[in-house]
Amino acid sequence: MKVDVAIAGGGLVGASLALALSALKLKVVLIEAHPFGSVDQPSFDDRTTALSNGSRRIFEGIDVWPLIEREATPIKRIHISDQGRFAFARIDAQEQHLQALGFVVINRIMGAALWQRLQEEAVTLLAPARVVSSELKGACRELRCETGADASVTIQARLVIAADGAKSVVRESAGIGATTWDYQQHALVTNVFTQRFHDYVAYERFTPEGPLALLPVSEGRVGLVWSFSPGMAEQVRDLSDAEFLDRLQQAFGFRLGRFTRVGTRHLYPLSLTRADEHVAPRLAVVGNAAQALHPIAGQGFNLGLRDAASLAEVLADALDASGQAAEFDCGDGLLLERYRGWRAADREKIVGFTDGLVRLFTQPLGLAKLARNVGLLAFDLLPAAKDALSQLSLGAAGRIPRLARGGRLRPP
């Protein structure tokens, strides 16, 4: 099979990129290890994701947002606190002149919307299929994919996109390594029902065990992400529902009244993974394959989606400049360098910001606790600091993708 672009990984970022590129009339194949639409797809589970306003606009630009909007819960305020300490900080959408600071969506809902849109566009879907090797061959990169039952298919692509997660086979087969820092934490993820309505407030609370986030979702529920050391995470996961709710109540308090019911609890190991490079000959790296972050700041998916939007824009602008799709080489090295240079500043700022928060708010020493409480208090009193944080909604640094600003890749 010969294509212009082969995207390895049909998760949230890979599927979004495939939809963006479908507007360019390029021949695109999306390769996914799980059957499309399957509940086994790990990216399309019941975890919640906080979408920034920039991500919402990207979804609008690829016509996915109308399928998500009714299931998306706005974040109108953010409340940040440190258990057992006096300081707290608040961010209000109205004060920032925004309709919302972001939106919370269940991953399964996003996955279903992306899957529906993919079926409507001229994207070849290859699933289940697993990339087992990648080899540079002249003006293309050749992927060998196993499709089950001892069957395989070979794909020749002018450009290959590695969107297959933090342990990306495609990235590694192109000779790009990655550095991983294990935070020695597991995230316990579940949904919880509360006595009081959440009023569209997202809570971030730092506890001795680890950061605790409560995100507003539909039906009066909140999505819980609570970090623990691995051994303690297993103990808390295995508590009875009553014991678990009591422990959560002690850690969070009664701002939402009593916690009344808890869903199934899942554990996910937490680490920081950074690709050593983001391009190779006829290869670009996006999403978790480029950087997988701790969920403490809710920036990982939004950063990965900006990767996809930026790469799509680089290709769209180059295609428009060439004027002839038949002769357009989407894997040209100059285009890949343009993508790599564009994304560098945003990546560095967001990775540094997220990693710094993890280290600051998991440091048990007294001076660190005092410093972060003084910092929270100062943040709550300084409008400029809140303005700067709200700008993460679009990106931390550098050029903002056209889709994230509410534009289109190409004129309609």
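Numbers for residues simply follow the sequence, beginning at 1. No experiment lies behind these values; they were computed from the predicted model shown.
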Would you mind checking if Asp317 and Arg402 are paired as a salt bridge, meaning a charged N to carboxylate O distance below 4.0 Å? yes
Where does the angle between the aromatic ring planes of Tyr200 and His198 fall among parallel (under 30°), tilted (30 to 60°) and perpendicular (over 60°)? perpendicular
Pairwise side-chain contact, Phe259 with Leu224, heavy-atom cut-off 4.5 Å (strictly under): no
Which of these passes side chain to side chain contact (heavy atoms under 4.5 Å, CB included) with Leu21: Val5, Leu30, Leu311? Val5
Side chain Ser227, main chain Ala187, donor-acceptor under 3.5 Å: no
Looking at CD of Gln195 and OG1 of Thr260, how far apart are the two atoms once the value is rounded to the nearest 0.5 Å? 8.0 Å
With no hydrogens and no angle check, is any side-chain donor or acceptor of Arg171 less than 3.5 Å from a backbone partner on Ala166? yes
Taking the side chain as everything from C-beta on, heavy atoms only, tell me whether Val28 gets closer than 4.5 Å to Leu17. no
Ignoring hydrogens and angles, tell me if any N or O in the side chain of Arg399 forms a donor-acceptor pair with the backbone of Trp342 under 3.5 Å. no
Pair Asp4 + Lys25: basic N to acidic O under 4.0 Å: no
Rounding to 0.5 Å, atoms CG (Leu335) and CZ (Arg282) come to a distance of 10.0 Å
Here the pair of heavy atoms bringing Ala18 nearest to Leu118 is CB-CD2, 3.9 Å
Donor-acceptor check, side chain of Arg47 to backbone of Val189, threshold 3.5 angstrom: yes or no? no
Close side-chain approach of Ile400 to Arg57, heavy-atom, < 4.5 Å: no
Value rounded to 0.5 Å, distance of OH in Tyr183 from CG in Asp355: 3.5 Å
Ionic contact status for Glu348 with Arg274, cut-off 4.0 Å: yes
Can a salt bridge be assigned to the pair Arg247 and Glu243 using a cut-off of 4.0 Å between side-chain N and carboxylate O? no
Between the main-chain N or O of Glu71 and the side-chain N or O of Ser218, is there a donor-acceptor pair closer than 3.5 Å? no
Closest heavy-atom contact between Leu248 and Val192? CD2-CG2, 4.1 Å
Backbone N/O of Gly10 and side chain of Glu32: donor-acceptor pair under 3.5 Å: yes
What distance do Arg77 atom CZ and Ile91 atom CD1 have between them, rounded to the nearest 0.5 Å? 12.5 Å
Partner of Thr273 under side chain to side chain donor-acceptor pair (under 3.5 Å), chosen from Asp182, Thr180, Asn288: Thr180
So, taking the atom named CG in Leu215 and the one named OG1 in Thr48, what distance separates them when rounded to the nearest 0.5 Å? 4.5 Å
Intermediate values then yes/no, side chain to side chain contact (heavy atoms under 4.5 Å, CB included), Glu172 and Val169: CA-CA 5 Å; Glu172 292 177 0; Val169 171; 5.7 Å; no
Roughly how far apart are Asn302 CG and Ile350 CD1, rounded to 0.5 Å? 8.5 Å
Take a 6.0 Å sphere around CD of Gln94 and say whether it holds more than 12 heavy atoms from other residues, nucleotides or ligands. no
Which residues pass the ring-ring contact (aromatic ring centres under 6.0 Å, His included) test with Phe103, not counting sequence neighbours? Trp65
So does Arg340 pair up with Glu337, basic N to acidic O under 4.0 Å? yes
Apply side chain to side chain contact (heavy atoms under 4.5 Å, CB included) to the pair Val29 and Ile7, showing each step before the final yes or no. CA-CA 6 Å; Val29 61; Ile7 302 173; over 6 Å; no
Any side-chain heavy atom of Pro128 within less than 4.5 Å of one from His34? no
Just wondering, do Arg130 and Asp164 contact through their side chains at under 4.5 Å, heavy atoms? no
For a 4.5 angstrom cut-off between non-hydrogen side-chain atoms, does Met110 reach Ile68? yes
Given the rule in the side chain to side chain donor-acceptor pair (under 3.5 Å) test, do Ser134 and Arg141 qualify, once you have shown the distances and angles that lead to the verdict? CA-CA 7 Å; Ser134 167; Arg141 187 169 284 275; 3.2 Å; yes
Closest approach of Arg196 to Thr194 (non-hydrogen atoms, all atoms of both residues): O-OG1, 2.6 Å
Looking only at atom types and distance, does a side-chain atom of Thr49 sit under 3.5 Å from a main-chain N or O of Leu51, one as donor and one as acceptor? no
For the residue pair Leu283 and Ile176, establish whether any side-chain heavy-atom pair is separated by less than 4.5 Å. yes
Heavy-atom closest pair (Thr147 atom, Ala129 atom, distance to 0.1 Å) is CG2-CB, 3.9 Å
Kindly indicate, with the supporting measurements, whether the criterion side chain to side chain donor-acceptor pair (under 3.5 Å) is fulfilled by Gln99 and Asn53. CA-CA 9 Å; Gln99 174 193 357; Asn53 283 306; over 6 Å; no
Begin from the C-alpha positions of Arg237 and His186 and carry the test side chain to side chain contact (heavy atoms under 4.5 Å, CB included) through to its verdict. CA-CA 11 Å; Arg237 178 196 60 191; His186 279 44; over 6 Å; no
Looking at every non-hydrogen atom in both residues, tell me the closest pair between Gly61 and Leu403 and how far apart they are. CA-CD2, 3.8 Å
When the ring planes of Trp226 and Phe228 are compared, do they come out parallel, tilted or perpendicular, using 30° and 60° as the limits? tilted
Step by step, would you call Leu67 with Phe59 a side chain to side chain contact (heavy atoms under 4.5 Å, CB included)? CA-CA 10 Å; Leu67 302 175; Phe59 276 158; over 6 Å; no
Looking only at heavy atoms, what is the nearest atom pair of Leu336 and Gly331, with distance? CD1-O, 3.9 Å
Quick check: do Tyr339 and Leu315 have side-chain heavy atoms less than 4.5 Å from each other? no
With a 3.5 Å distance limit and no angle check, can you tell me whether Ser310 reaches the backbone of Pro401 through a side-chain donor-acceptor pair? no
For Ala251, does its backbone N or O pair with a side-chain atom of Arg205 as donor and acceptor, under 3.5 Å? yes
Okay, side chain of Arg144, backbone of Ser152: is any donor-acceptor separation there less than 3.5 Å? no
Listed by chain and number, what are the ring-ring contact (aromatic ring centres under 6.0 Å, His included) partners of Tyr203, not counting sequence neighbours? His79, Phe252
